Amino acid sequence: MPELPEVETVCRGLAEALEGHRFATIELRRGDLRWPLPADFAERLEGRLVRRVRRRAKYILLETDGAEVMLAHLGMSGKMLVEPPGRTPPPLGPHDHVIFTTDHGMRVAFNDVRRFGMLDLCAADALDQHPLLQGLGPEPLGNDFSAPVLSTRLAGKRTPIKAALLDQHVVAGLGNIYVSEALFRARISPRRQANTVAGARAERLVPAIKLVLQEAIAAGGSSLRDYVQASGELGCFQHNFDVYDREGEPCQNCQRNSVRRIVQSGRSSFYCPTCQR
DNA sequence: CACGAACCCTGGCTGC
DNA sequence: TGCAGCCAGGGTTCGT
(Lines give C-alpha, C1' and ligand atoms only; values in the text may rest on other atoms or scores of the structure.)
Protein backbone atom coordinates (compact mmCIF):
# COMPACT_ATOMS: atom_id res chain seq x y z
CA MET A 1 0.00 0.00 0.00
CA PRO A 2 2.04 2.81 1.25
CA GLU A 3 4.72 4.20 -0.98
CA LEU A 4 7.06 7.08 -0.21
CA PRO A 5 4.39 9.82 -0.02
CA GLU A 6 2.16 7.77 2.27
CA VAL A 7 5.04 6.79 4.56
CA GLU A 8 6.25 10.40 4.62
CA THR A 9 2.76 11.55 5.60
CA VAL A 10 2.52 8.96 8.37
CA CYS A 11 5.97 9.98 9.64
CA ARG A 12 4.90 13.60 9.88
CA GLY A 13 1.81 12.62 11.84
CA LEU A 14 3.85 10.46 14.19
CA ALA A 15 6.43 13.20 14.65
CA GLU A 16 3.73 15.63 15.69
CA ALA A 17 2.20 13.13 18.11
CA LEU A 18 5.33 11.65 19.65
CA GLU A 19 8.40 13.86 19.38
CA GLY A 20 9.47 15.16 22.77
CA HIS A 21 7.33 12.63 24.62
CA ARG A 22 8.18 9.44 26.45
CA PHE A 23 6.77 5.96 25.90
CA ALA A 24 4.87 4.85 28.97
CA THR A 25 3.53 1.42 28.04
CA ILE A 26 3.84 -0.76 24.97
CA GLU A 27 1.41 -3.63 24.59
CA LEU A 28 2.11 -6.50 22.19
CA ARG A 29 -1.20 -7.99 21.20
CA ARG A 30 0.09 -10.01 18.28
CA GLY A 31 3.76 -10.56 17.48
CA ASP A 32 3.64 -12.64 14.29
CA LEU A 33 3.99 -9.89 11.73
CA ARG A 34 6.11 -10.19 8.56
CA TRP A 35 8.82 -11.30 10.96
CA PRO A 36 8.26 -12.12 14.62
CA LEU A 37 8.60 -9.14 16.93
CA PRO A 38 11.57 -9.36 19.29
CA ALA A 39 10.21 -10.87 22.51
CA ASP A 40 11.63 -8.00 24.59
CA PHE A 41 10.40 -5.33 22.14
CA ALA A 42 8.25 -3.56 24.73
CA GLU A 43 10.76 -3.40 27.57
CA ARG A 44 13.47 -2.10 25.26
CA LEU A 45 11.29 0.89 24.30
CA GLU A 46 9.31 1.64 27.44
CA GLY A 47 10.52 4.74 29.23
CA ARG A 48 12.33 6.03 26.13
CA LEU A 49 11.98 9.60 24.93
CA VAL A 50 11.12 9.97 21.25
CA ARG A 51 13.62 12.42 19.80
CA ARG A 52 12.80 12.30 16.10
CA VAL A 53 10.65 10.42 13.60
CA ARG A 54 12.06 10.25 10.10
CA ARG A 55 11.78 8.21 6.91
CA ARG A 56 14.24 6.21 4.82
CA ALA A 57 12.77 4.66 1.67
CA LYS A 58 9.44 3.17 2.86
CA TYR A 59 10.71 2.66 6.40
CA ILE A 60 9.71 4.74 9.41
CA LEU A 61 12.66 5.36 11.74
CA LEU A 62 11.87 6.43 15.27
CA GLU A 63 14.93 7.74 17.10
CA THR A 64 14.93 7.67 20.89
CA ASP A 65 17.19 8.84 23.70
CA GLY A 66 18.37 5.24 24.00
CA ALA A 67 20.88 3.38 21.88
CA GLU A 68 18.20 1.86 19.67
CA VAL A 69 16.02 3.05 16.80
CA MET A 70 12.60 1.59 16.11
CA LEU A 71 12.16 0.53 12.50
CA ALA A 72 8.69 0.14 11.02
CA HIS A 73 7.45 -0.91 7.59
CA LEU A 74 3.76 -0.73 6.76
CA GLY A 75 3.75 -3.49 4.13
CA MET A 76 0.54 -3.34 2.10
CA SER A 77 -2.04 -2.58 4.76
CA GLY A 78 -0.19 -1.21 7.80
CA LYS A 79 -1.39 1.89 9.63
CA MET A 80 -0.17 3.98 12.52
CA LEU A 81 -3.27 5.34 14.20
CA VAL A 82 -2.86 8.24 16.61
CA GLU A 83 -5.46 8.90 19.32
CA PRO A 84 -4.81 12.19 21.13
CA PRO A 85 -5.07 12.50 24.91
CA GLY A 86 -8.24 13.69 26.59
CA ARG A 87 -10.60 11.79 24.34
CA THR A 88 -11.93 8.28 24.75
CA PRO A 89 -10.13 6.25 22.09
CA PRO A 90 -12.09 3.79 19.95
CA PRO A 91 -12.02 0.19 21.15
CA LEU A 92 -9.16 -1.94 19.84
CA GLY A 93 -9.84 -4.36 17.01
CA PRO A 94 -8.31 -7.67 15.99
CA HIS A 95 -5.76 -5.99 13.71
CA ASP A 96 -4.37 -3.56 16.30
CA HIS A 97 -1.18 -5.51 16.92
CA VAL A 98 1.00 -3.16 18.98
CA ILE A 99 -0.25 -0.31 21.18
CA PHE A 100 2.08 2.49 22.25
CA THR A 101 1.09 4.99 24.93
CA THR A 102 3.04 8.04 26.04
CA ASP A 103 3.43 9.82 29.35
CA HIS A 104 1.09 12.57 28.11
CA GLY A 105 -1.71 10.18 27.23
CA MET A 106 -1.23 9.76 23.48
CA ARG A 107 -2.09 6.36 22.04
CA VAL A 108 -0.63 5.03 18.81
CA ALA A 109 -1.84 1.72 17.40
CA PHE A 110 0.13 -0.22 14.80
CA ASN A 111 -2.68 -1.84 12.83
CA ASP A 112 -2.07 -4.21 9.93
CA VAL A 113 -4.76 -6.45 8.46
CA ARG A 114 -2.51 -8.44 6.18
CA ARG A 115 0.53 -8.52 8.50
CA PHE A 116 3.03 -7.83 5.71
CA GLY A 117 4.33 -4.99 7.86
CA MET A 118 7.10 -5.25 10.43
CA LEU A 119 8.55 -3.59 13.51
CA ASP A 120 12.11 -4.02 14.71
CA LEU A 121 14.73 -2.41 16.91
CA CYS A 122 18.23 -1.64 15.72
CA ALA A 123 21.29 -0.07 17.32
CA ALA A 124 21.38 3.55 16.12
CA ASP A 125 25.05 3.33 15.20
CA ALA A 126 24.47 0.19 13.12
CA LEU A 127 21.43 1.32 11.09
CA ASP A 128 23.41 1.20 7.84
CA GLN A 129 24.16 -2.45 8.44
CA HIS A 130 20.56 -3.43 9.08
CA PRO A 131 19.77 -6.08 6.44
CA LEU A 132 16.62 -4.25 5.33
CA LEU A 133 18.27 -0.85 4.94
CA GLN A 134 21.53 -2.07 3.49
CA GLY A 135 21.93 -1.48 -0.22
CA LEU A 136 18.87 0.75 -0.62
CA GLY A 137 19.12 3.17 -3.54
CA PRO A 138 19.12 6.96 -3.24
CA GLU A 139 16.18 8.96 -1.92
CA PRO A 140 14.35 10.24 -5.01
CA LEU A 141 13.68 13.62 -3.39
CA GLY A 142 17.31 14.05 -2.35
CA ASN A 143 19.60 16.54 -4.08
CA ASP A 144 21.92 13.75 -5.14
CA PHE A 145 19.20 12.03 -7.18
CA SER A 146 19.77 13.27 -10.72
CA ALA A 147 19.45 12.06 -14.30
CA PRO A 148 23.12 10.99 -14.52
CA VAL A 149 22.80 9.13 -11.22
CA LEU A 150 19.66 7.33 -12.36
CA SER A 151 21.00 6.36 -15.78
CA THR A 152 24.17 5.02 -14.17
CA ARG A 153 22.09 2.86 -11.88
CA LEU A 154 20.00 1.62 -14.81
CA ALA A 155 23.01 0.86 -16.99
CA GLY A 156 23.23 -2.82 -17.88
CA LYS A 157 19.68 -3.58 -16.73
CA ARG A 158 17.76 -5.43 -19.42
CA THR A 159 14.58 -5.62 -17.36
CA PRO A 160 11.67 -3.25 -18.18
CA ILE A 161 11.98 0.23 -16.66
CA LYS A 162 8.83 -0.48 -14.65
CA ALA A 163 10.52 -3.35 -12.81
CA ALA A 164 13.77 -1.43 -12.38
CA LEU A 165 12.02 1.52 -10.73
CA LEU A 166 10.17 -0.81 -8.35
CA ASP A 167 13.55 -2.22 -7.26
CA GLN A 168 14.37 -0.39 -4.03
CA HIS A 169 18.07 -0.91 -4.67
CA VAL A 170 17.86 1.27 -7.80
CA VAL A 171 15.90 4.11 -6.21
CA ALA A 172 14.20 3.90 -2.83
CA GLY A 173 10.56 4.64 -2.15
CA LEU A 174 8.69 4.24 -5.42
CA GLY A 175 5.89 1.68 -5.65
CA ASN A 176 3.33 0.53 -8.16
CA ILE A 177 1.27 3.74 -8.24
CA TYR A 178 3.98 6.34 -8.54
CA VAL A 179 6.04 4.37 -11.04
CA SER A 180 3.06 4.33 -13.42
CA GLU A 181 2.37 8.01 -12.79
CA ALA A 182 6.00 9.13 -13.20
CA LEU A 183 6.47 7.13 -16.41
CA PHE A 184 3.31 8.67 -17.85
CA ARG A 185 4.53 12.18 -17.07
CA ALA A 186 7.93 11.39 -18.60
CA ARG A 187 6.25 9.81 -21.67
CA ILE A 188 8.26 6.61 -21.22
CA SER A 189 6.68 3.20 -21.76
CA PRO A 190 6.80 0.89 -18.75
CA ARG A 191 7.95 -1.80 -21.19
CA ARG A 192 11.05 0.04 -22.31
CA GLN A 193 14.30 -1.72 -21.44
CA ALA A 194 15.80 0.00 -18.40
CA ASN A 195 19.27 0.55 -19.84
CA THR A 196 17.81 2.67 -22.65
CA VAL A 197 16.50 5.21 -20.16
CA ALA A 198 19.39 7.65 -20.32
CA GLY A 199 20.08 11.06 -21.76
CA ALA A 200 16.92 13.02 -22.57
CA ARG A 201 14.64 10.28 -21.21
CA ALA A 202 16.39 10.25 -17.86
CA GLU A 203 16.29 14.05 -17.87
CA ARG A 204 12.51 13.84 -18.18
CA LEU A 205 12.04 10.96 -15.78
CA VAL A 206 13.88 12.32 -12.75
CA PRO A 207 11.88 15.56 -12.49
CA ALA A 208 8.69 13.60 -13.20
CA ILE A 209 9.46 11.32 -10.24
CA LYS A 210 10.29 14.22 -7.95
CA LEU A 211 7.23 16.21 -8.93
CA VAL A 212 4.68 13.43 -8.60
CA LEU A 213 6.08 12.48 -5.18
CA GLN A 214 6.02 16.08 -3.98
CA GLU A 215 2.46 16.59 -5.19
CA ALA A 216 1.36 13.35 -3.54
CA ILE A 217 2.97 14.32 -0.22
CA ALA A 218 1.22 17.70 -0.39
CA ALA A 219 -2.06 15.81 -0.87
CA GLY A 220 -1.42 13.58 2.14
CA GLY A 221 -0.82 10.48 -0.02
CA SER A 222 -3.23 8.31 -2.01
CA SER A 223 -6.05 6.40 -0.31
CA LEU A 224 -7.29 3.44 -2.33
CA ARG A 225 -8.29 0.79 0.19
CA ASP A 226 -6.47 0.73 3.48
CA TYR A 227 -4.28 3.78 3.63
CA VAL A 228 -5.06 6.54 6.09
CA GLN A 229 -2.86 9.18 7.66
CA ALA A 230 -1.84 8.91 11.33
CA SER A 231 -4.80 11.16 12.15
CA GLY A 232 -7.17 8.75 10.41
CA GLU A 233 -7.83 11.21 7.55
CA LEU A 234 -7.75 9.97 3.99
CA GLY A 235 -5.16 11.13 1.47
CA CYS A 236 -6.40 12.95 -1.65
CA PHE A 237 -3.89 12.22 -4.39
CA GLN A 238 -5.93 9.32 -5.82
CA HIS A 239 -8.13 12.00 -7.42
CA ASN A 240 -5.11 13.25 -9.37
CA PHE A 241 -4.00 10.00 -10.96
CA ASP A 242 -3.41 10.28 -14.70
CA VAL A 243 -3.21 6.56 -15.40
CA TYR A 244 -3.12 4.40 -12.27
CA ASP A 245 -6.30 2.31 -11.95
CA ARG A 246 -7.78 4.11 -14.97
CA GLU A 247 -7.83 1.30 -17.51
CA GLY A 248 -10.06 2.18 -20.46
CA GLU A 249 -10.37 5.86 -19.58
CA PRO A 250 -9.08 8.48 -22.04
CA CYS A 251 -5.43 9.44 -21.87
CA GLN A 252 -5.08 12.79 -20.07
CA ASN A 253 -2.46 13.84 -22.61
CA CYS A 254 -3.68 12.87 -26.09
CA GLN A 255 -7.39 12.38 -25.24
CA ARG A 256 -7.56 9.96 -28.19
CA ASN A 257 -6.34 6.67 -26.84
CA SER A 258 -7.42 4.97 -23.69
CA VAL A 259 -5.27 3.95 -20.76
CA ARG A 260 -4.10 0.38 -21.05
CA ARG A 261 -3.36 -2.09 -18.28
CA ILE A 262 -0.65 -4.72 -18.67
CA VAL A 263 0.86 -7.09 -16.12
CA GLN A 264 4.61 -6.90 -15.54
CA SER A 265 6.35 -9.13 -13.03
CA GLY A 266 2.97 -9.96 -11.61
CA ARG A 267 1.79 -6.39 -11.05
CA SER A 268 -0.44 -4.03 -13.03
CA SER A 269 1.09 -1.22 -15.06
CA PHE A 270 -1.07 1.53 -16.54
CA TYR A 271 0.01 3.62 -19.52
CA CYS A 272 -0.89 5.22 -22.84
CA PRO A 273 0.74 3.19 -25.62
CA THR A 274 0.68 6.21 -27.94
CA CYS A 275 2.11 8.88 -25.67
CA GLN A 276 4.56 6.66 -23.87
CA ARG A 277 7.47 5.22 -25.81
C1' DC B 1 24.32 -12.34 -11.36
C1' DA B 2 19.78 -11.03 -12.93
C1' DC B 3 15.40 -11.97 -13.67
C1' DG B 4 10.49 -13.65 -13.00
C1' DA B 5 7.34 -16.41 -10.36
C1' DA B 6 5.70 -18.04 -5.98
C1' DC B 7 4.72 -16.88 -1.56
C1' DC B 8 3.45 -14.51 2.92
C1' DC B 9 -1.94 -12.87 4.70
C1' DT B 10 -6.67 -10.92 4.92
C1' DG B 11 -10.66 -8.94 3.00
C1' DG B 12 -13.44 -6.85 -0.67
C1' DC B 13 -15.42 -7.36 -4.96
C1' DT B 14 -17.12 -9.94 -9.23
C1' DG B 15 -19.43 -13.38 -11.48
C1' DC B 16 -21.74 -17.71 -11.54
C1' DT C 1 -27.65 -15.78 -0.64
C1' DG C 2 -23.38 -18.42 -1.15
C1' DC C 3 -19.20 -19.33 -2.66
C1' DA C 4 -15.11 -19.69 -5.69
C1' DG C 5 -11.83 -16.97 -7.80
C1' DC C 6 -9.36 -12.88 -8.43
C1' DC C 7 -7.20 -8.76 -6.92
C1' DA C 8 -4.70 -5.37 -3.85
C1' DG C 9 -0.19 0.23 -2.36
C1' DG C 10 5.34 -4.68 -0.61
C1' DG C 11 9.30 -7.40 -0.25
C1' DT C 12 11.82 -11.87 0.37
C1' DT C 13 12.97 -16.34 -1.27
C1' DC C 14 13.44 -19.70 -4.65
C1' DG C 15 14.22 -21.61 -9.21
C1' DT C 16 15.95 -20.86 -13.90
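Chain naming here is simple, since letters A, B, ... match the order of the sequence lines and numbering starts at 1 in each. No experiment lies behind these values; they were computed from the predicted model shown. Any value given below was found using the heavy atoms of this structure, including those in side chains, with hydrogens, waters and symmetry copies removed.
- A:Glu6 has its CD atom 7 Å from the C1' atom of C:dG9, to the nearest Å.
- With sequence neighbours excluded, the residues forming a side chain to side chain contact (heavy atoms under 4.5 Å, CB included) with A:Ser146 are A:Pro148, A:Val149, listed by chain and number.
- Across all strands shown, A:Ser268 has heavy atoms under 4.0 Å from sugar-phosphate atoms exclusively, and none from any base.
- Between B:dC3 and A:Lys157, a contact under 4.0 Å exists linking OP1 or OP2 to a side-chain N or O.
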Show me the donor-acceptor pairs within less than 3.5 Å that the side chains of residues 203-223 of chain A make with the rest of the protein, sequence neighbours left out.
residue	atom	partner	partner atom	Å
A:Arg204	NE	A:Ala186	O	2.8
A:Arg204	NH2	A:Ala186	O	3.2
A:Lys210	NZ	A:Pro140	O	3.1
A:Lys210	NZ	A:Gly142	O	2.8
A:Lys210	NZ	A:Phe145	O	3.2
A:Glu215	OE1	A:Arg185	NH1	3.4
A:Glu215	OE1	A:Arg185	NH2	2.8
A:Glu215	OE2	A:Arg185	NH1	3.3
A:Ser222	OG	A:Tyr178	OH	2.6
A:Ser223	OG	A:Tyr227	O	2.9
A:Ser223	OG	A:Gly235	N	2.8

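- Taking 4.0 angstrom as the limit, A:Ser77 places none of its side-chain polar atoms (N or O) nearer than this to OP1 or OP2 of B:dC9.
- Between A:Tyr178 and C:dG9, a side-chain N or O to OP1/OP2 separation shorter than 4.0 Å is absent.
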For nucleotides 11-15 of chain C, give me every protein contact, N/O to N/O, under 3.5 Å, one pair per line with atom names.
residue	atom	partner	partner atom	Å
C:dG11	OP1	A:His73	NE2	3.0
C:dG11	OP2	A:Lys58	NZ	3.0
C:dT12	O4'	A:Arg34	NH2	2.8

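- With rounding to whole Å, A:Gln264 atom CD is found 17 Å from C:dA8 atom C1'.
- Between A:Glu19 and A:Arg51 no salt bridge is recorded (no basic side-chain N to carboxylate O distance below 4.0 Å).
- Spacing of P atoms, C:dC3 relative to B:dC9, comes out at 23 Å, to the nearest Å.
- By the side chain to side chain contact (heavy atoms under 4.5 Å, CB included) test, A:Asp125 pairs with A:Ala123, sequence neighbours left out.
- For A:Thr64, the side chain to side chain contact (heavy atoms under 4.5 Å, CB included) criterion is met by A:Leu45, A:Arg48, A:Leu62, not counting sequence neighbours.
- Each salt bridge (charged side-chain N to carboxylate O under 4.0 Å, His left out) pair with one or both residues in residues 98-123 of chain A, not counting sequence neighbours, appears once here: A:Asp32-A:Arg115.
- Between A:Phe184 and A:Tyr271, the distance separating the two ring centers is not shorter than 6.0 angstrom.
- Residue pairs meeting the salt bridge (charged side-chain N to carboxylate O under 4.0 Å, His left out) criterion with at least one member in residues 90-100 of chain A: none, sequence neighbours excluded.
- Taking atom CZ of A:Arg225 as the reference point, atom P of C:dG10 lies 11 Å away to the nearest angstrom.
- For the residue pair A:Ser269/A:Gln264, the side-chain donor-acceptor check at 3.5 Å is satisfied.
- Atom C1' of C:dT12 sits at a distance of 23 Å from the matching atom of B:dG11, rounded to the whole Å.
- Counting side-chain heavy-atom gaps under 4.5 Å among Ile, Leu, Val, Met, Phe, Trp and Tyr, the cluster of A:Leu92 also holds A:Ile99.
- Put simply, CG on A:Asn240 is 19 Å from P on C:dG9, counting in whole angstrom units.
- C:dC7 and B:dA5 have their P atoms separated by 14 Å, given to the nearest Å.
- Across the C1' atoms, C:dG9 and B:dC3 are found 23 Å apart, a figure rounded to whole Å.
- Listed by first then second residue, pairs satisfying salt bridge (charged side-chain N to carboxylate O under 4.0 Å, His left out) with a partner in residues 249-277 of chain A read A:Arg246-A:Glu249, A:Glu247-A:Arg261, not counting sequence neighbours.
- Atom CZ in A:Phe237 sits about 14 Å away from atom C1' in C:dG9, given to the nearest Å.
- With centres under 5.5 Å and a plane angle under 30° as the test, the ring of A:Phe116 is not stacked against the base of B:dC9.
- As rounded to whole Å, 8 Å separates atom C1' of C:dA8 from atom CG of A:Asp226.
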Convert the base pairs of DNA chain C into dot-bracket notation, remembering that pairs crossing earlier ones are written with [ ] and that bases paired across to another strand are shown as |; include only Watson-Crick or G-U pairs under 3.5 Å. .|||||||.|||||||
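- Straight-line distance from the CG atom of A:Leu165 to the P atom of B:dC3: 13 Å, rounded to whole Å.
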For nucleotides 10-13 of chain B, print each protein N/O atom paired with a nucleotide N/O atom at under 3.5 Å, atom names and distance only.
residue	atom	partner	partner atom	Å
B:dT10	OP1	A:Arg115	NH2	2.5
B:dG11	OP1	A:His95	NE2	3.1

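- Note on residues 53-63 of chain A: pairs passing salt bridge (charged side-chain N to carboxylate O under 4.0 Å, His left out), not counting sequence neighbours, are A:Glu8-A:Arg55, A:Arg52-A:Glu63, A:Arg54-A:Glu63, A:Arg55-A:Glu139, A:Arg56-A:Glu139.
- Atom-to-atom, CZ of A:Arg56 to C1' of C:dG10 comes out at 16 Å; the value is rounded to the nearest Å.
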